Amino acid sequence: SMPTSMQHPSRHVWDFWYHFDAQAKLFHIFYLNADKSLVPSSQHHFSSTVGHAVTSNFDDIDWGNEDSISVLKPPPGHWANTSIWSGDVIEVKNGYLMFYTSRDRTQDDGLTQNIGVAYTDSLWSTQWQVLDTRIRPSAIYQNKSLAGDLTFHAWRDPFLFRLAEQNQIYMLVSAKLADGTIGRNGAIAVLKVTDETFSDAVNGKSEWEYLPPASQPSCYAEMEVPQLYQHPQGSHQLVFSTWAKYDFAPTTNGLGGFQSLTIPDLLNPKQHELKFSPLSQNFHVLMPESEGLY
């Protein structure tokens, strides 16, 4: 069962991500949160802000004070004028960047998602500086909701990683393919910039390159919160979450939950590009939805 310390004293908390400060041996947790009264009607998704907490062990969590529940919230007069959804924090030479998901209520049906960027010089900051940057779905990726789909539009949950030997920075995004079968077109998008153009891309002055997806298996309505992990022996695990009702993969028995795809040779030294397995349907269920982990 979940430790009692994972319960926020006053807020409903769901998706979270973290940055580890190795020197202080401290995890800075960033989490979506909303008023508990909104949960029964599922309206919490549409009023979420990003909170900040710290822990050394995930047993005891310091939730901070009343300023800590909204270190990133929809800024006035900005395209991200609805609610903030999942993101990723990375360290840069003069501070930290948070890539996050949001929407513009005046665009399409109000559910079209874009990726934004915020900056701070300290992880203890009670208010991140939101940049104007707006990374929109493009190329082969669906750019708004389609009639008849099982879920609404997807362009969310950014996850960044850098390959120093390539001087490249990559971003994974939960997406949908524009030309996929409705209800089976969930995919994990890949975007790329070079080290040299990263700063301009962060500030919205240059475009990311839209690459073929890391995964386009044609058996999920959506593949949420993608992340990539490397095994000590070199292979990689691409992990994501999906609800059981959107899981049509041949190897998962429709269990949904927290799932993964093993990629044995992502960094083949003979090639300059990453070698994902986008068409593979050989997914593993790490924890089914029925066990309460999404």
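Fair warning: this is a prediction, and the values are worked out from it, not measured in the lab. Numbering of residues begins at 1 and proceeds along the displayed sequence.
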Between Tyr210, Phe161, Phe99, which is the residue that forms a ring pair (Phe, Tyr, Trp, His ring centres under 6.0 Å) with Tyr170?
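In the set Tyr210, Phe161, Phe99, the residue that makes a ring pair (Phe, Tyr, Trp, His ring centres under 6.0 Å) with Tyr170 is Phe161.
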
His8: which of Trp63, Phe16, Trp14 passes ring pair (Phe, Tyr, Trp, His ring centres under 6.0 Å)
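Single pass found, and it is Trp63.
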
[atom1]-[atom2] distance between [X] and [Y], expressed to the nearest 0.5 angstrom:
{"X": "Lys275", "Y": "Asp265", "atom1": "NZ", "atom2": "CG", "result": "4.5 Å"}
{"X": "Leu146", "Y": "Ile182", "atom1": "CG", "atom2": "CD1", "result": "4.5 Å"}
{"X": "Ser68", "Y": "Arg11", "atom1": "OG", "atom2": "CZ", "result": "11.5 Å"}
{"X": "Asp109", "Y": "Ser145", "atom1": "CG", "atom2": "OG", "result": "4.0 Å"}
{"X": "Phe258", "Y": "Glu289", "atom1": "CZ", "atom2": "CD", "result": "14.5 Å"}
{"X": "His78", "Y": "Asp104", "atom1": "NE2", "atom2": "CG", "result": "10.0 Å"}

Less than 4.5 Å apart, any side-chain heavy atom of [X] and any of [Y]?
{"X": "Trp128", "Y": "Val117", "answer": "no"}
{"X": "Leu266", "Y": "Leu228", "answer": "yes"}
{"X": "Pro75", "Y": "Asn81", "answer": "no"}
{"X": "Gln216", "Y": "Pro278", "answer": "yes"}
{"X": "Val193", "Y": "Ser206", "answer": "no"}
{"X": "Asp62", "Y": "Thr55", "answer": "no"}
{"X": "Ile188", "Y": "Pro213", "answer": "no"}

Main-chain N/O of [Y] paired to [X] side chain as donor or acceptor, under 3.5 Å:
{"X": "Ser218", "Y": "Arg184", "answer": "no"}
{"X": "His153", "Y": "Gln113", "answer": "yes"}
{"X": "Ser174", "Y": "Met223", "answer": "yes"}
{"X": "Gln230", "Y": "His236", "answer": "no"}
{"X": "Asp157", "Y": "Glu224", "answer": "no"}
{"X": "Gln43", "Y": "Leu38", "answer": "no"}
{"X": "Asn33", "Y": "Thr49", "answer": "yes"}
{"X": "Ser102", "Y": "Ser83", "answer": "yes"}
{"X": "Ser70", "Y": "Leu72", "answer": "no"}
{"X": "Arg156", "Y": "Ser86", "answer": "no"}

Should we say atom [atom1] of [X] is surrounded by more than 12 heavy atoms from elsewhere, each under 6.0 Å from it?
{"X": "Lys192", "atom1": "NZ", "value": "yes"}
{"X": "Glu291", "atom1": "CD", "value": "yes"}
{"X": "Gln233", "atom1": "CD", "value": "yes"}
{"X": "Asn203", "atom1": "CG", "value": "yes"}
{"X": "Lys36", "atom1": "NZ", "value": "yes"}

Shortest non-hydrogen contact from [X] to [Y]?
{"X": "Thr101", "Y": "Pro158", "result": "OG1-CD, 3.5 Å"}
{"X": "Trp79", "Y": "Asp132", "result": "NE1-O, 3.5 Å"}
{"X": "Pro74", "Y": "Ala80", "result": "CB-O, 3.3 Å"}
{"X": "Thr133", "Y": "Gly204", "result": "OG1-N, 3.4 Å"}
{"X": "Ala53", "Y": "Ile61", "result": "CB-CG2, 3.8 Å"}
{"X": "Gln168", "Y": "Asp195", "result": "N-OD1, 3.7 Å"}

Would [X] and [Y] show up in the same hydrophobic cluster when neighbours are defined by side-chain heavy atoms closer than 4.5 Å?
{"X": "Ile90", "Y": "Ile169", "value": "yes"}
{"X": "Val173", "Y": "Leu160", "value": "yes"}
{"X": "Val190", "Y": "Ile263", "value": "yes"}
{"X": "Trp17", "Y": "Val54", "value": "no"}
{"X": "Tyr100", "Y": "Ile115", "value": "no"}

Hey, are Asp108 and Arg103 close enough for a salt bridge, meaning a charged N less than 4.0 Å from a carboxylate O?
no

Applied to residues 248-264, the side-chain hydrogen bond (donor to acceptor under 3.5 Å, both in side chains) test, sequence neighbours excluded, yields Tyr220-Gln259, Gln237-Ser260, Gln237-Thr262, Asp247-Thr252, Asp247-Gln259

Would you check if there is a donor-acceptor pair between the side chains of [Y] and [X] at a distance under 3.5 Å?
{"X": "Gln107", "Y": "Thr112", "value": "no"}
{"X": "Asp35", "Y": "Ser37", "value": "yes"}
{"X": "Asn94", "Y": "Asp121", "value": "no"}

Aromatic ring pairing [X]/[Y], orientation class (parallel under 30°, perpendicular over 60°, tilted between):
{"X": "Tyr141", "Y": "Trp155", "result": "tilted"}
{"X": "Phe27", "Y": "Tyr18", "result": "perpendicular"}
{"X": "Trp208", "Y": "Phe198", "result": "perpendicular"}

Run the side chain to side chain contact (heavy atoms under 4.5 Å, CB included) test on Leu274 and Gln166 for me, step by step, so that the C-alpha distance in whole Å, both residues' side-chain angles and the decisive distance to 0.1 Å come before the verdict.
CA-CA 10 Å; Leu274 297 188; Gln166 288 187 8; 4.2 Å; yes

The test is side chain to side chain contact (heavy atoms under 4.5 Å, CB included); show your working for Trp243 and Glu222 and say whether it passes.
CA-CA 8 Å; Trp243 295 108; Glu222 57 186 18; 4.2 Å; yes

As a quick check of understanding, evaluate side chain to side chain contact (heavy atoms under 4.5 Å, CB included) for Asp179 and Ile140, giving each step before the final call.
CA-CA 8 Å; Asp179 62 353; Ile140 61 172; 5.8 Å; no

Looking only at the aromatic ring of each residue, does the gap between the centers of Trp85 and His45 stay below 6.0 angstrom?
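No, too far apart.
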
If you apply the rule side chain to side chain contact (heavy atoms under 4.5 Å, CB included), what do you find for Val92 with Val202, and how did you get there?
CA-CA 11 Å; Val92 290; Val202 162; over 6 Å; no

